[in-house]
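Since the structure is predicted, the reported quantities are computational estimates derived from the model, not experimental observations.
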Amino acid sequence: MTGVPASAAGGPSAAKGGPVGEVPGTASGAAPGTPSDAVSGTSGEARASVVAGAGVVPGVAVVPEATVVPGEAPEAEDGSDAKPARGKKIAAAAVNQASVWNIANLLTMLRLVLVPGFVALMLADGGYDPAWRSFAWAAFAVAMITDLFDGHLARTYNLVTDFGKIADPIADKAIMGAALICLSGLGDLPWWVTIVILGRELGITLLRFLVIRYGVIPASRGGKLKTLSQGIAVGMYILALTGWLATARFWVMAVAVVLTVATGLDYVRQAIVLRRQGIAEREAALEETEA
């Protein structure tokens, strides 16, 4: 019959490199008698040109150079992936989702876990045992130290996350509030001191949220000094101190209360100025739009 000789279809002569007869319907670029190994023994580009010149041979299936497997990305000519594989996209998404587990957030989580542990140690054996109070002081000190590092690490190494923005201030207020309430409940610290400090912290936090549409109130040096003085004063009250140290902690706490009130008033002033500037800028932009 009219078609491809046995050698062109993979017969014995093809294996020996025998000649291939003229294929009906071949293009003018394919010379009759082209050996079969001219196709099978050449590179991918050569085979492609020969096949293109010879046309489609009836009854012979052309096997592509590379088969694209479902789920994998095809390779480009230079050997690189043309586009990320499906598996790589899933892996990248998993990494992005797991980014919350960075060192800064882990320190914040540790501080949150320390809060109930601190309360248990503080109130153990009636709350007046010097040994338990020492353990409670250690937990409080660890919480305050991690507070100094987690924010710095997040900003320095670009580890800021939405979880950290929410959890960090909560952890700060939780450990300080727990310590103040425990001290006042045990009669070691007047309740008015606890109310002033916690009232200022909660009020400024709420104020930040109210004016966030106009801008962010930055942390001042006075605010950082306030936090440091509060941590030292509360830590001294947690320990069962006597003598001149017991007197010294009173004055340290007095300094902390003064800084708490002064920085709170300064934040209120900044919030008012920020709000006025924001309103003025909006009105100016509105006038330009109308003009």
Side-chain angles (χ1 to χ4, degrees), residues 108 111-123 127 133 136-137 139-148 150-151 163-239 241 246-276 278:
T108 300
R111 200 155 69 253
L112 288 170
V113 172
L114 284 174
V115 173
F118 164 79
V119 173
L121 293 171
M122 190 70 181
L123 301 179
R133 293 284 284 260
W137 176 86
F140 179 81
V142 170
M144 297 304 295
I145 291 173
T146 58
D147 181 30
L148 297 177
D150 59 356
F163 172 81
K165 294 177 182 178
I166 298 174
D168 183 67
I170 292 176
D172 298 343
K173 306 300 184 293
I175 189 66
M176 182 60 68
L180 291 170
I181 292 173
C182 286
L183 289 172
S184 294
L186 294 172
D188 294 338
L189 188 68
W191 275 106
W192 70 266
V193 174
T194 298
I195 293 172
V196 168
I197 294 178
L198 292 185
R200 183 267 187 198
E201 299 298 334
L202 296 176
I204 295 302
T205 301
L206 179 61
L207 186 63
R208 287 177 181 271
F209 281 109
L210 290 177
V211 299
I212 197 172
R213 68 180 68 179
Y214 306 109
V216 177
I217 303 177
S220 61
R221 292 183 178 180
K224 296 178 180 179
L225 185 60
K226 176 267 306 178
T227 301
L228 180 61
S229 63
Q230 284 183 358
I232 295 174
V234 171
M236 294 179 71
Y237 269 88
I238 292 173
L239 290 172
L241 300 178
T247 304
R249 69 183 182 183
F250 168 82
W251 293 107
V252 176
M253 181 60 75
V255 172
V257 171
V258 171
L259 289 174
T260 298
V261 175
T263 55
L265 294 175
D266 183 62
Y267 277 124
V268 172
R269 180 192 62 81
Q270 292 185 53
I272 294 174
V273 172
L274 187 63
R275 182 176 181 274
R276 288 177 179 175

About how many Å separate CH2 of Trp137 and CG of Leu239, when rounded to the nearest 0.5 Å? 6.0 Å

Do Arg269 and Asp266 have side chains that get closer than 4.5 Å, going by heavy atoms? yes

Check whether any side-chain heavy atom of Val211 sits under 4.5 Å from a side-chain heavy atom of Gln270, and report yes or no. no

Any chance CZ of Arg200 has more than 12 other-residue heavy atoms, nucleotides or ligands included, within less than 6.0 Å? yes

Note: Val252 and Ser229 closest approach over all heavy atoms is CG1-O, 4.2 Å

Atom pair CG/CG of Asp147 and Leu228 - distance to nearest 0.5 Å: 11.0 Å

Euclidean distance, Leu114 CG relative to Leu121 CG, rounded to 0.5 Å: 9.5 Å

Could you check whether any side-chain heavy atom of Met253 comes within less than 4.5 Å of a side-chain heavy atom of Leu189, counting everything from C-beta outward? yes

Looking at every non-hydrogen atom in both residues, tell me the closest pair between Ala178 and Val115 and how far apart they are. CB-CG1, 4.2 Å

Phe140 and Phe118 have their tightest heavy-atom pair at CB-CE1, 3.9 Å

Tell me whether Asp188 is salt-bridged to Arg133, with the criterion being a basic N under 4.0 Å from an acidic carboxylate O. yes

Closest heavy-atom contact between Leu241 and Ala246? O-CB, 3.7 Å

Taking NZ in Lys224 as the centre, count heavy atoms belonging to other residues, nucleotides or ligands within less than 6.0 Å. Is the count above 12? no

Do Leu198 and Ile181 make a side-chain contact, defined as non-hydrogen atoms from C-beta onward lying under 4.5 Å apart? yes

So, for Gly223 and Thr263, which heavy atoms are closest and what is the spacing to 0.1 Å? N-CG2, 3.8 Å

Quick one, Met122 and Leu186 - any side-chain contact, counting heavy atoms below 4.5 Å? yes

Are Arg208 and Tyr267 in a cation-pi contact, defined as NZ or CZ under 6.0 Å from the six-membered ring centre and within 45° of the axis? yes

CD1-CG distance between Ile212 and Leu207, expressed to the nearest 0.5 angstrom: 11.5 Å

To the nearest 0.5 Å, what is the distance between CG (Asp172) and CD (Gln230)? 10.5 Å

When rounded to the nearest 0.5 angstrom, what is the spacing between CG in Asp168 and CZ in Arg111? 5.0 Å

Going by side chain to side chain donor-acceptor pair (under 3.5 Å), name the residues that satisfy it together with Thr194, two or more places apart in sequence or in a different chain. Ser184

